[in-house]
Undergrad: 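Below you'll find the structure I mean.
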Amino acid sequence: MNLKQTEQVVMLAILRKQPDAYGVSLYEELEKRLDKEIPMATIYVTLENLEKKGFVKSKQGQATAERGGRAKMFFEITGKGQAALNASLRALDRLREGTKLAGATA
Amino acid sequence: MIQWHTEKLDDGGIGIRIQGQDELIIVNGLPDHAKAEDVSRAMMEVVARYELKHLRETHQEALYKLNAAALEAVRATVAAKESASPPFLAEFVVSFLAPEKSAQAFLGDLQEIFHKNVDRFGEQQARRKYWLQVASSVGPLLWLWLKRIGFFTVLIDYFRSKLGF
């Protein structure tokens, strides 16, 4: 199953932030790495789609005072998700292989 | 500048009275027939010591005041931070549109970011940023909400029945 670009970046952010992958940490990681703000809702909508596809699973964390007593929701990538991400990134690499972009450093 | 004057004491010593103070500083150990400039030098030394002591006290007092003001400012900031809360209406919009399963986590995340922004930019700016975050979330959340309630299925069914296909 193909992944959309947003799904790819959110899954990569989860991999980077594991085991502390929840809304705020993913939001900050994406802002830092992509150099732009991704709306929190876009992250949650993407996570919901990924969970429906079985690529991501979530678990409830502890509620804290600074979050108004609301619990965090932690995310992790399933085996199926890892396979899909791997396939998607490999496909992208194959597509990129041999192409020359002006100004590209890699 | 501190004003002072001297007075001859009964025991032959010399007293210095500093203006505005009841304190009498007694200078002893001067020769019986001290020259006027010796007395004057001794007086100046006493006054200089007094001025130094007075300056130290003033300095100490200023430090205490500064400390108290800094403490008060910190307390006020902490109190302001603790009392700061995200805009109610914006929270309501999110809680209405967000999926039931993740609504609480989503609102908690927004509140966590809000408190970080209060620390960095102040409450007013943090509230503005919260509204911007909610405004940019309305589109994706609304889309998800419409899909969730089966709006598009109803719409397609409606046009099918109307157009007869």
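Heavy-atom basis, side chains included; hydrogens, waters and symmetry copies ignored. Labels below follow one simple rule: chain letters A, B, ... track the order of the sequence lines, proteins then strands, and each chain is numbered from 1.
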Undergrad: Which bit of E28(A) is near chain B, if near means a heavy-atom gap under 4.5 Å: side chain, backbone, both or neither?
TA: side chain

Undergrad: Could you tell me whether D109(B) and R67(A) make a salt bridge, using a distance below 4.0 angstrom between a side-chain N and a carboxylate O?
TA: yes

Undergrad: Flag the one option from L107(B), V134(B), L141(B) with the top tally of heavy-atom pairs under 4.5 Å to chain A.
TA: L107(B)

Undergrad: Side chain from CB out, backbone as N, CA, C, O: work out which of these in E112(B) comes under 4.5 Å of a heavy atom of chain A, or both, or neither.
TA: both

Undergrad: Measure distances from K101(B) to the heavy atoms of chain A and classify the residue's part below 4.5 Å as side chain, backbone, both or neither.
TA: both

Undergrad: Which heavy-atom pair separates A84(A) from F55(A) by the least distance, and what is that distance?
TA: CB-CZ, 3.6 Å

Undergrad: Please look at S58(A) and chain B and tell me whether the side chain, the backbone, both or neither of the residue comes under 4.5 angstrom of a heavy atom of that chain.
TA: side chain

Undergrad: Test: salt bridge (Lys or Arg N to Asp or Glu O under 4.0 Å). Region: residues 59-73 of chain B. Which pairs qualify, not counting sequence neighbours?
TA: E61(B)-K65(B)

Undergrad: Between Q60(A), E48(A), E37(A), which residue shows the highest count of heavy-atom pairs closer than 4.5 Å to chain B?
TA: E48(A)

Undergrad: My understanding is that only residues two or more places apart in sequence, or in another chain, count here; which of them pass side chain to side chain contact (heavy atoms under 4.5 Å, CB included) with R90(A)?
TA: N86(A), R94(A)

Undergrad: Between K52(A) and E7(A) (salt bridge meaning N to carboxylate O under 4.0 Å), is one present in this structure?
TA: no

